[in-house]
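Since the structure is predicted, the reported quantities are computational estimates derived from the model, not experimental observations. In listed order, ligands and their atoms are each counted from 1.
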Amino acid sequence: METGTQTGAEPVELNEPVQSGTGVLPSAVDVLVVGYGPVGAVIAVLLARHGVRVMVVDKATGIFMAPRAIALDNEALRILQLAGIAERDFDTVAIPYVRMWSPTLGQFGKVNSLGSLDGHPKLVTFYQPDLERCLRERLQTYDCAHIALGSELLAFTEERDHVLATLDVGRGRTHTVRARYLVGADGASSLVRQLIGQEFKGKTFAEDWLIVDARNVPRPIDHIEFICDHRRPIPHMVAPGGRERWEFMLRPGERREEMESDARVRELLAPWGDVDGMIIERKAVYRFHARTVDAFSKGRVFLAGDAAHITPPFVGQGLVAGLRDAANLCWKLAWVIQGRAGPRILETYDEERRPHAKAMIDLAKFMGKLVMPRNAAIAFITHGLMRLSRMVPRLRAQFEELEIKPRNAFRRGLFVKGRSATRLVRGAVLPQGWVRAPDGSTCLSDEALGQGLALIGFGRDLRASLDSATAAAFARAGGTVVHIAHRGQRLHPARQESWEDLDGVFMPGLVPVGWAAVVRPDRTIVHDGPVTDVSRIVRESLALLGTPVSVATPAVETALRIA
Ligand SMILES: Cc1cc2nc3c(=O)[nH]c(=O)nc-3n(C[C@H](O)[C@H](O)[C@H](O)COP(=O)(O)OP(=O)(O)OC[C@H]3O[C@@H](n4cnc5c(N)ncnc54)[C@H](O)[C@@H]3O)c2cc1C
């Protein structure tokens with residue numbers, strides 16, 4: 001079936017290399033990623049890290065510079081870590097707290113975001129173009145990655161074992177590329193989404209917002225504040241590079257052109273000091289939406305990022321949700337392409353990601369109601385109740401300690417059903433802590449786990465407990481065996497893959513000594529149990545992937561072990 005628009009542009013024969021703005025385009029790849037925004041970039045980097053031949057295309061020729069995402073949480077930073085991006089690689093400001101302020105009641109709510117979780121600050125602000133630059137530099141280091149800027153997807157057809165995509169590569173030329181899988185990370189107006197017949201569901205917010213980024217602010221703040229004035233709610237926050245951002249809700253009758261005018265922006269910023277001294281970098285009016293698709297995939301085509309879900313930014317989770325998509329999807333694609341897992345695991349992408357993305361959108365809608373009450377009476381009641389609720393410790397923790405944030409734990413998906421007898425949660429992400437290698441070097445524990453599947457022995461060396469057939473099958477499926485020792489425990493002789501748990505995150509925080517767990521490349525816990533059962537735990541995990549011990553295929557035999 002032919003889908004999408006056709007142009008009269010001159011087609012290029014399949015297999016004829018085509019020169020794009022950034023090099024020769026291949027005619028066949030494993031994965032074609034449409035959209036080189038932040039989500040497409042992370043997807044391309046994660047796939048390339050797994051050795052997948054990936055091509056990412058974008059109709060734009062450069063990084064989009066308008067003001068957009070500004071906040072990232074610890075989960076997002078951990079996914080960027082997975083993509084090889086360290087915190088120091090791009091500029092961030094750690095946010096100690098978020099305060100909610102009412103003109104009549106004063107401060108009525110506060111979120112504590114001081115400190116770190118899973119090895120990263122709980123909340124930072126950042127400069128989106130800086131992060132995108134960093135991701136693009138990273139991708140360019142991989143030979144298996146191709147980048148085609150100024151190249152627009154026009155259409156694709158899905159065949160039995162591949163997708164054929166037609167690109168407009170400029171100067172009236174088209175290029176056809178054959179890919180085993182296609183990922184649409186092509187943003188809120190996604191053509192890929194339309195071509196697979198997925199419409200956005202959910203309501204569009206009636207409110208338009210003016211976003212202003214400025215530098216040289218006379219009285220800078222070090223946190224995020226929501227000024228919840230029903231006449232004009234204003235989220236306001238610090239950002240890297242001496243920047244601050246304001247988001248001004250438009251009132252009925254206010255028009256975009258007028259609000260984006262210099263005079264109007266200066267008037268709105270006046271309460272924050274001498275506007276003449278400020279450098280207004282960017283300003284744009286956005287209409288916020290809250291929408292998701294009914295399915296994140298169809299056949300060989302997957303949706304990720306804003307192409308699959310869009311949310312108002314009140315909890316700063318739009319891009320973060322896209323990064324979760326990337327982490328969830330990329331290793332599954334890589335494992336299927338490289339013959340380490342059966343294609344059925346790809347069905348769990350939608351199953352795992354869609355409910356969580358929707359829960360985050362619901363939270364953003366709830367926050368929207370707090371930020372923008374419709375009138376003075378509703379504002380007084382809502383904010384008064386919020387203030388009162390802080391007197392109840394349980395309710396206070398829900399909000400102040402962010403317990404209200406939906407946990408990234410799957411109800412259904414690619415993990416072995418059942419509850420752990422420990423504090424590990426199957427289908428949830430393994431916590432991260434600092435670990436020390438036998439040579440004394442330290443790192444975050446995800447680095448110790450490597451890029452593949454990990455079998456962790458907590459406080460026990462698993463080599464003696466794992467039968468050899470299972471150990472070999474696990475290695476063929478891209479698995480590594482890791483030993484996490486309690487602090488001070490030493491193996492004799494010392495082994496490179498043995499790590500001390502420096503801050504007790506794992507023992508006694510999570511598990512007792514003598515426990516084992518299988519963890520996916522995206523750090524989701526697949527299975528766990530006592531080390532005496534480790535062979536069964538691994539076999540059941542491999543069966544889930546479609547690579548049981550007894551039926552390892554030649555493709556699996558030759559698969560590389562990535563540690
Ligand atoms: C004002 C505002 C504030 C925000 N604040 C936050 C925040 O604090 N935290 C947060 O997590 N999120 C926030 N977000 C959301 C966040 O910015 C988006 O979720 C994120 O940028 C989406 O990234 P993406 O890669 O999915 O899509 P995009 O960045 O939109 O990238 C899509 C790319 O696809 C390309 N493309 C489209 N069609 C085609 C085609 N046919 N062929 C080739 N290329 C194509 C486009 O050129 C574009 O480069 C905010 C958004 C806004 C508007």
Report yes if the side chains of M360 and H309 come closer than 4.5 Å at any heavy-atom pair, otherwise no.
no
Stepwise, does the salt bridge (Lys or Arg N to Asp or Glu O under 4.0 Å) test hold for D161 with R300?
CA-CA 8 Å; D161 60 356; R300 295 180 166 270; over 6 Å; no
Which part of S151 is near ligand 1, with near meaning a heavy atom under 4.0 Å away: side chain, backbone, both or neither?
backbone
Answer yes or no: is there a side-chain heavy-atom contact under 4.5 Å between T524 and F410?
yes
For P38, is the nearest heavy atom under 4.0 Å from an atom of ligand 1?
yes
Measure A69 to ligand 1 on non-hydrogen atoms and call it side chain, backbone, both or neither using the 4.0 Å cut-off.
both
Return a yes/no value for E247: is any of its N or O atoms, backbone included, closer than 3.5 angstrom to an N or O of ligand 1?
no
Taking it one step at a time, do Q81 and E87 satisfy side chain to side chain donor-acceptor pair (under 3.5 Å)?
CA-CA 8 Å; Q81 178 194 342; E87 275 170 46; over 6 Å; no
Does ligand 1 have a heavy atom under 4.0 Å from the side chain of V34, from its backbone, from both, or from neither?
side chain
Record the part of Q128 in heavy-atom contact with ligand 1 below 4.0 Å; permitted values are side chain, backbone, both and neither.
side chain
Residue-level breakdown please: for A185 versus ligand 1, do any non-hydrogen atoms fall below 4.0 Å on the side chain, on the backbone, on both, or on neither?
backbone
Taking 4.0 Å as the limit for heavy-atom contacts, which would you say applies to I211 with ligand 1: side chain only, backbone only, both, or neither?
side chain
